[in-house]
Amino acid sequence: MTGFDDVVRFHGHACPGLALGYRVSDLALRELSGRAEDEEMVAVVENNSCAVDALQAMTGCTFGKGNLFFKDYGKQVYTFIRRPSGDALRISVIWVSPPESDEEIEAWRRFSDGDRSEEVLKIVHSRKAGKIKAIMDAGDEELFAISRLRIEPPREARIYPSICCAVCDEKVMEPRARVKDGKIVCIPCAEGE
Ligand SMILES: [Zn+2]
Ligand SMILES: [Zn+2]
């Protein structure tokens, strides 16, 4: 079982977003029983925040494996789908962080202006640690609106042959190749980047 320390190691730092991703993933693993060693589970994420790193480390739904789909909606919504049943869990984050004290607001303002004094860092770090702890200690129902549904799972990732771009001579996956002036080229060469 991947613990929060492992997730922090993968991500590089501990932060509230990572903690939320940890809780989302923990719930999904409990509800949909077990992580995806292969492609038996698919995740659809609607943001690309720190939380998604926790999700990849914990659930085995990863960008590289092709069982992680990113929709750029800027929403804290995570949907997990089991293959082949299509049993799915949609998790929407409803948690709101406790209000900041005047002291914290002032410390954040100074931090944003580049102040890295010990006094400011202490307040900023303790606020962050407090948020992480609050997320880790909260009940699922305080954090999430959860719905169970059935969704047609996306097709499994395919491996395509590579061909060579006529301009840069680098390999490109066939379905991504374009035709420009009668030559088969990669997207950057087709768009003249
Ligand atoms: Zn982070
Ligand atoms: Zn090219």
Side-chain angles (χ1 to χ4, degrees), residues 1-37 41-81 88-149:
M1 177 69 195
T2 312
F4 190 60
D5 289 348
D6 302 305
V7 170
V8 171
R9 210 169 301 125
F10 176 70
H11 180 58
H13 61 230
C15 62
L18 195 71
L20 274 172
Y22 176 88
R23 292 297 309 271
V24 165
S25 306
D26 179 61
L27 173 63
L29 293 173
R30 268 185 282 128
E31 291 288 322
L32 293 172
S33 60
R35 71 177 254 137
E37 296 308 336
M41 184 155 76
V42 171
V44 181
V45 300
E46 301 188 15
N47 66 76
N48 58 350
S49 71
C50 298
V52 179
D53 273 358
L55 186 151
Q56 292 192 81
M58 287 181 69
T59 66
C61 296
T62 68
F63 184 59
K65 227 155 37 182
N67 56 347
L68 174 68
F69 295 84
F70 169 47
K71 292 186 178 171
D72 197 1
Y73 296 163
K75 295 180 70 175
Q76 290 194 65
V77 173
Y78 307 86
T79 306
F80 297 87
I81 310 159
L89 192 69
R90 183 181 188 275
I91 302 171
S92 170
V93 175
I94 57 169
W95 186 74
V96 276
S97 55
E100 291 173 314
S101 66
D102 291 344
E103 188 192 35
E104 285 167 343
I105 292 169
E106 175 59 12
W108 265 116
R109 194 191 57 73
R110 288 171 59 184
F111 186 81
S112 313
D113 290 346
D115 185 342
R116 295 294 181 271
S117 64
E118 206 175 305
E119 182 200 357
V120 164
L121 288 181
K122 208 176 141 210
I123 298 168
V124 166
H125 287 160
S126 91
R127 165 78 184 166
K128 202 198 262 184
K131 273 169 101 171
I132 294 172
K133 188 176 178 338
I135 292 164
M136 297 301 270
D137 291 347
D140 287 333
E141 63 293 335
E142 280 176 74
L143 296 174
F144 311 125
I146 304 161
S147 43
R148 285 168 188 77
L149 49 166

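Keep in mind the model is a prediction, meaning the values are calculated, not measured.
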Compare every heavy atom of [Y] with every heavy atom of [X], then report the nearest pair and how far apart it is.
X	Y	result
A88	I81	CB-CG1, 4.0 Å
W95	K131	CH2-O, 4.1 Å
I132	A19	CG2-CB, 4.1 Å
P99	R127	O-NH1, 3.7 Å
Y78	V45	CD2-CG1, 3.8 Å
L32	F80	CD1-CB, 3.4 Å

(message) Check this for me: F10, atom CZ, are more than 12 non-hydrogen atoms of other residues, nucleotides or ligands nearer than 6.0 Å?
(response)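 Correct, the count exceeds 12.
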
Look up atom [atom1] in [X] and atom [atom2] in [Y], then write down how far apart they are to the nearest 0.5 Å.
X	Y	atom1	atom2	result
L143	I91	CG	CD1	10.0 Å
I94	F144	CD1	CZ	9.0 Å
L55	L20	CG	CG	12.0 Å
M41	C61	CE	SG	4.0 Å
S147	L89	OG	CG	7.5 Å
T2	R9	OG1	CZ	10.5 Å

Do [X] and [Y] sit within salt-bridge range, that is, some charged N less than 4.0 Å from a carboxylate O?
X	Y	result
D140	R23	yes
R30	D26	yes
R110	D113	no

(request) Please say whether the positively charged group of R116, taken as NZ for Lys or CZ for Arg, lies over the ring of F111, i.e. under 6.0 angstrom from the six-membered ring centre and within 45 degrees of the axis. (result)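 Verdict for F111: a cation-pi partner in R116.
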
(request) Sequence neighbours left out, what pairs pass salt bridge (charged side-chain N to carboxylate O under 4.0 Å, His left out) with at least one residue falling in residues 50-67? (result)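 Listed once each, the pairs would be none.
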
(request) Could you tell me whether a side-chain N or O of N67 sits under 3.5 Å from a main-chain N or O of T62, the two making a donor and an acceptor? (result)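 Confirmed, N67 side chain pairs with T62 backbone.
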
(request) Output, in order, the C-alpha distance, side-chain angles, deciding distance and verdict of side chain to side chain contact (heavy atoms under 4.5 Å, CB included) for Q76 and S49. (result) CA-CA 9 Å; Q76 290 194 65; S49 71; over 6 Å; no

(request) For E118, enumerate each residue passing the side chain to side chain contact (heavy atoms under 4.5 Å, CB included) test, keeping only those at least two apart in sequence or located in another chain. (result)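 Partners of E118 under the side chain to side chain contact (heavy atoms under 4.5 Å, CB included) test: none.
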
